Protein chains: 2
Amino acid sequence: MARTPGTTTITDVARHAGVSLSTVSRVMNGNATVDPALAERVRATAAELGYTANPLARSLVLGRTQTIAVVVPDLANPTFQEILRGLSRAAAVDGYHVLVADSAEQVDEEKVLAVDTRRRTDGVVLCAPRMDADALAALLPTLSPVVVVNRAPQELAPVVAADYRSALAELIAHLHGLGHRHLVFLAGVAGSASNAARREALADARAAHADLTIDELACGVDFDSGAAVADAVLAGGATGVLAFNDLVAMGLLSAVGDRGVRVPDDLSIAGFDDIPFARYTTPPLTTAAVPAAELGADAWAALHAQLTGATPVAAATRTPAVVLRASTGPAAR
Amino acid sequence: MARTPGTTTITDVARHAGVSLSTVSRVMNGNATVDPALAERVRATAAELGYTANPLARSLVLGRTQTIAVVVPDLANPTFQEILRGLSRAAAVDGYHVLVADSAEQVDEEKVLAVDTRRRTDGVVLCAPRMDADALAALLPTLSPVVVVNRAPQELAPVVAADYRSALAELIAHLHGLGHRHLVFLAGVAGSASNAARREALADARAAHADLTIDELACGVDFDSGAAVADAVLAGGATGVLAFNDLVAMGLLSAVGDRGVRVPDDLSIAGFDDIPFARYTTPPLTTAAVPAAELGADAWAALHAQLTGATPVAAATRTPAVVLRASTGPAAR
DNA sequence: CTGTTAGCGCGTTCAA
DNA sequence: TTGAACGCGCTAACAG
């Protein structure tokens, strides 16, 4: 069944140039073993006919599509948007295309999406922070080559991640240095990998500072979640807040502002991620800058290495830099 | 050359089930003319072997990939991120995949990207606000089926767009009603389609209100551009600002704040787009809410109609709702 | 150096 | 109802 009519094929070029298919193929692929004059004639007719090899047919015979897939839990999340951007641009430099799959936070959908998109591509970059560790381990072999983003190190695939633990530790040290002795952590999704990393930082800090109390409050990952816990935060009596991310911090900032609480005089608030708007809140948000676009580029590098059979990248970790702005200050007393 | 080894093919299933390739193919495609018992046996072995038809091979023979491409000028722009999200989710509902291509603001790259990605997909959604009108008209036929986003109506493709002209007119009316008689418009990229639409609104307003002056100031489309024109804005003496978009408005807001100018008491500032953070600036931004995700969904609907041969969608227009917040107020005098 | 042939994996005619 | 044969468009062996 012939669709997309009008498209010129290699057969057309061969006929017009009076040569065989193979010769055209060789010329188009820069295969040197072709008479220069003939090659030139083929190139001319190809140009004249506006011929380009059908990528689908090439993919089928070559076994590679020059396309990779990226699975994200939520395209509305600024972090994943940045990862996608970094990934897309890096892949484009090497002539690869990117297929996006948004699981819309449906954890069980991620698996299907990953397997499905993998079959139409040469590899997958998997952002699945909430997927069960066992399910992930079981999934990875079926996806190879694959790169995992922001998860604990894996046996079966390189992991590209931000070091949430170190960065949060720095943030805690910053607040501790400002005299804060009672903090509260606004936890994100319990099952998520980066939330676990953050909790390790909390445990480290508690162990290191006997005089430091860190409460934990269940929270979501978006603006509304941050606003919703405002009363609980104020009731808890902490002088400093470690928000799960910037969105939560901004929601909290807004909500406590409505209640007449001054930041940072009455309460210090630290975010996480350094999304583009973190610097424009009032006051600007102290946060840890997760280099999402760079993570995307790292992911491509790790995948590209597998694709080309180069020395595999086992893992890449970037430590978010703590950015001190005006939402944190000396502890209220 | 056999790559991706280990993948079971239709031949494997046929052999295991003791039937021909055609029978397996018929069963997998729900072709009714197969003996129920045989069909069941085929299904069983297919399930046992974990067989799924190779999408590439299907694409080649069927002439369709179940994938569409979306070309955007900048994945860092919140509006295009939202369009992508709306498009991706809508397409996913109908079982389609989405290939993204970020031209990184390289206008001449857009053409290549569009043609290139089109060949690996069934259609294209083109977001190319800065492409020359003639170049666009020349490009569209080679892309069909294609949908254009946020451009003037086209002969050769449906256009999905926000009505920038009406929305800006509303914004102007709002400010005029507040007593503003001297406004300044911070223009975006001169060649862009939506900038032209905005300028039409300016012309309309000038014609309608003899007492209204609207200056124009060349500006960019991002935060820094807005901040950069702060002095020029203040020197101009306008009491109200129509920023090209929210990013520009936020940059300006921040910069004039640094200069001790109170918003809206000394100066009213209106944005455009209603990006997620427009409501969280200080003061919150009056703006026109461009429903980007809906535009993405509209684009899919228009493309899907062409793909399925349904009644074609000629065009879809959404008028952004003006959102009044605290960055605009009575004219200073 | 060139052309002929055989697939890549699948859907679909055409006979049987 | 089933299977054999053909072709989607291309690349890569294999001759010549």
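Reckoned from all heavy atoms, side chains included, excluding hydrogens, waters and symmetry mates. Chain letters run A, B, ... following the sequence lines, proteins first and then strands; every chain starts at 1. Fair warning: this is a prediction, and the values are worked out from it, not measured in the lab.
In the set dG3(C), dC10(D), dC10(C), dC10(D) carries the atom at the smallest distance from any side-chain atom of Val61(A). Set against dG9(C), dG7(C), dA13(D), the side chain of Thr9(B) has dG9(C) as its closest nucleotide.
Neither side chain, Asn77(B) nor Arg85(A), offers a donor N or O lying under 3.5 Å from an acceptor on the other.
The backbone N or O of Thr65(A) lies less than 3.5 Å from a partner atom in the side chain of Asp122(A), making a donor-acceptor pair.
Here the C1' atom of nucleotide dT12(C) and the CZ atom of Arg64(B) are 13 Å apart, to the nearest Å. At whole-Å resolution of the value, CZ in Arg58(A) and P in dG7(C) are 21 Å apart. Atom CG of Asn29(B) and atom P of dC10(C) are 11 Å apart (whole Å). Distance, Gln66(A) CD to dT11(D) P: 12 Å, rounded to whole Å. Arg26(B) places its CZ atom 11 Å from the P atom of dT1(D), with the value rounded to the nearest Å. Taking atom CG of residue Leu56(A) and atom C1' of nucleotide dC10(C), one finds them 12 Å apart after rounding to whole Å. If you take CD1 of Ile10(A) and C1' of dT4(C), they are 14 Å apart, rounded to a whole angstrom. Here dG7(C) presents its P atom at 17 Å from CG of Leu60(B), a figure rounded to the nearest Å.
Between the base of dT2(C) and the side chain of Thr33(A) there is no donor-acceptor pair shorter than 3.5 Å.
Heavy atoms of Ser22(A) sit under 4.0 angstrom from at least one base atom. Backbone-only contact: Leu38(A) has heavy atoms under 4.0 Å from sugar-phosphate atoms and none from a base. Within the nucleic acid shown, Ser25(B) comes within 4.0 Å of at least one base atom, counting heavy atoms only.
Residues Val34(B) and Ala53(A) each lie close to DNA chain D; by heavy-atom proximity, the contact nearer the 5' end of the strand is made by Val34(B). Closest-nucleotide positions on DNA chain D for Ala57(B) and Leu21(B) were compared, and the one nearer the 5' end corresponds to Leu21(B).
Ring-plane geometry between Tyr96(B) and Trp300(B) is classed as tilted, the angle between the planes lying from 30 to 60 degrees on a 0 to 90 degree scale.
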Residue pair Arg58(B), Gln66(B): steps toward the side chain to side chain contact (heavy atoms under 4.5 Å, CB included) verdict: CA-CA 10 Å; Arg58(B) 297 198 81 221; Gln66(B) 296 288 107; over 6 Å; no
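Remark: Arg130(B) engages Glu105(B) in a salt bridge, criterion side-chain N to carboxylate O under 4.0 Å.
Phosphate proximity of dC10(C) to Tyr51(B): present, with a side-chain N or O under 4.0 Å from OP1 or OP2.
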